[in-house]
Amino acid sequence: MAPHEFWQELHPPGSFKADGDFTSFYVAELQDRHQLRLPIRVLADGEHALASLIVNQASFAVLDALAGQLASTIRHFDIDIVAGLPTLGLTLAAAVAQKLGHARYVPLGTSRKFWYSNHLSVALSSITTPEQQKRLYIDPRMLPLLRGRRVALIDDVISSGSSIVAGLQLMTACDIEPVVIAAAMLQSERWKEKLAVEGAQWPDRTVGVFATPILERTAEGRWRAPTA
């Protein structure tokens, strides 16, 4: 596949073999069994890799499907308002809020406006931009939309857990406890330990449309999910 072809098409169930070895792409299966081909990103050690999703580069059809299935997954939580994490999580959060029938959502951000308060911000790191020192902010004018309401905190991918932990810490600073954490893709299980530090309830209150493992390089140079 050419790089620009990823994330553009959902394939019917069974279109590709979803286990065994992979070469140029990983096959993810959504809740409805449709398949999505994801590029494989090799990690620094050269022996492990991750399947990648960049939701704001996805086709509208793929975004619509991911948002629809995620909205269906969290609907029973009776969500009042969706809060989205920057940057890629904002695209998904807005779409999920629409699927839930909401008129708006609350975007968190990394750009500090002059009317923001420093005490309503936390440090933010990202696995994709580890060299950048950022802070996560909330517009204080948005707090009445969140306080005392049932909040879903949404990101596009939960990977190392750093971004979602920052989101939780910011919610705590605002005296808000989300009822659910949601993402399109749960990437490996590295995030569970970090979330558990914030509260034992969070790993069980985190949901996704699909999950992907850390892949291991085979002797033939292909990629394989580790056996249990």
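A quick note: this is a predicted structure, and the numbers were derived from the prediction, not measured.
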Could you give me the CA-CA distance, side-chain angles and deciding distance for Lys194 and Ser162, then say whether side chain to side chain contact (heavy atoms under 4.5 Å, CB included) is met? CA-CA 8 Å; Lys194 285 188 178 179; Ser162 297; 2.9 Å; yes
Hey, are the side chains of [X] and [Y] touching, using non-hydrogen atoms and a 4.5 Å cut-off?
{"X": "Val151", "Y": "Asp80", "value": "no"}
{"X": "Ile40", "Y": "Ser52", "value": "no"}
{"X": "Gln8", "Y": "Val62", "value": "no"}
{"X": "Leu92", "Y": "Asp155", "value": "no"}
{"X": "Leu38", "Y": "Phe6", "value": "no"}
{"X": "Leu85", "Y": "Leu90", "value": "no"}
{"X": "Leu36", "Y": "Leu30", "value": "yes"}
{"X": "Val106", "Y": "Val82", "value": "no"}

First locate atom [atom1] of [X], then atom [atom2] of [Y], and finally report the distance between them rounded to the nearest 0.5 Å.
{"X": "His34", "Y": "Leu66", "atom1": "NE2", "atom2": "CG", "value": "12.0 Å"}
{"X": "Ser72", "Y": "Asp32", "atom1": "OG", "atom2": "CG", "value": "10.0 Å"}
{"X": "Gln69", "Y": "Asp64", "atom1": "CD", "atom2": "CG", "value": "10.0 Å"}
{"X": "Leu10", "Y": "Arg33", "atom1": "CG", "atom2": "CZ", "value": "14.0 Å"}
{"X": "Ile54", "Y": "Thr87", "atom1": "CD1", "atom2": "OG1", "value": "11.5 Å"}
{"X": "Gln187", "Y": "Arg41", "atom1": "CD", "atom2": "CZ", "value": "10.5 Å"}

Leu50 vs Leu215, side chain to side chain contact (heavy atoms under 4.5 Å, CB included): CA-CA, chis, key distance, verdict: CA-CA 6 Å; Leu50 294 171; Leu215 302 172; over 6 Å; no
Of the non-hydrogen atoms in [X] and [Y], which two are nearest, and what is the gap between them?
{"X": "Leu146", "Y": "Ala83", "value": "CD2-CB, 4.4 Å"}
{"X": "Pro140", "Y": "Pro144", "value": "O-CD, 4.1 Å"}
{"X": "Tyr105", "Y": "Gly84", "value": "CD1-N, 4.2 Å"}
{"X": "Arg217", "Y": "Gly46", "value": "NE-O, 2.8 Å"}
{"X": "Pro86", "Y": "Gly109", "value": "CG-CA, 3.9 Å"}
{"X": "Val122", "Y": "Ala166", "value": "CG2-O, 3.3 Å"}

Might you confirm whether atom CD of Glu189 has over 12 heavy atoms from other residues, nucleotides or ligands at distances under 6.0 Å? no
Does CD belonging to Glu193 count more than 12 external heavy atoms closer than 6.0 Å? no
Hey, any chance [X] and [Y] share a hydrophobic cluster, counting ILVMFWY side chains that come within less than 4.5 Å of each other, even indirectly?
{"X": "Val42", "Y": "Val157", "answer": "yes"}
{"X": "Tyr137", "Y": "Leu170", "answer": "no"}
{"X": "Val96", "Y": "Met185", "answer": "yes"}
{"X": "Ile154", "Y": "Phe210", "answer": "yes"}
{"X": "Val209", "Y": "Phe16", "answer": "yes"}

Going by side chain to side chain contact (heavy atoms under 4.5 Å, CB included), name the residues that satisfy it together with Glu5, two or more places apart in sequence or in a different chain. Met1, Ala2
Going by side chain to side chain contact (heavy atoms under 4.5 Å, CB included), name the residues that satisfy it together with Asp45, two or more places apart in sequence or in a different chain. Leu43, Glu47, His48
The criterion is side chain to side chain donor-acceptor pair (under 3.5 Å); which residues satisfy it with Arg149, sequence neighbours excluded? none
NZ/NE/NH1/NH2 to OD/OE distance under 4.0 Å, Arg205 and Glu177: yes
Thr73 versus Gln31, side-chain donor and acceptor atoms under 3.5 Å: yes
What residue among Ile158, Thr212, Val207 forms side chain to side chain contact (heavy atoms under 4.5 Å, CB included) with Leu186? Ile158
For the pair Leu195 and Leu168, evaluate side chain to side chain contact (heavy atoms under 4.5 Å, CB included) and give the outcome as yes or no after the intermediate values. CA-CA 9 Å; Leu195 276 183; Leu168 275 177; 3.5 Å; yes
Residue pairs, two or more places apart or on separate chains, that pass side-chain hydrogen bond (donor to acceptor under 3.5 Å, both in side chains) and touch residues 13-24: Asp21-Arg224
With side-chain hydrogen bond (donor to acceptor under 3.5 Å, both in side chains) as the rule and sequence neighbours excluded, what pairs involving residues 110-120 come up? Ser111-Lys113, Arg112-Asn118, Trp115-Asp139
Okay, side chain of His102, backbone of Ile79: is any donor-acceptor separation there less than 3.5 Å? yes
If you apply the rule side chain to side chain contact (heavy atoms under 4.5 Å, CB included), what do you find for Leu136 with Ser121, and how did you get there? CA-CA 5 Å; Leu136 182 65; Ser121 71; over 6 Å; no
Do any pairs count as a ring-ring contact (aromatic ring centres under 6.0 Å, His included) and have a residue in residues 55-90, sequence neighbours left out, and if so which ones? none
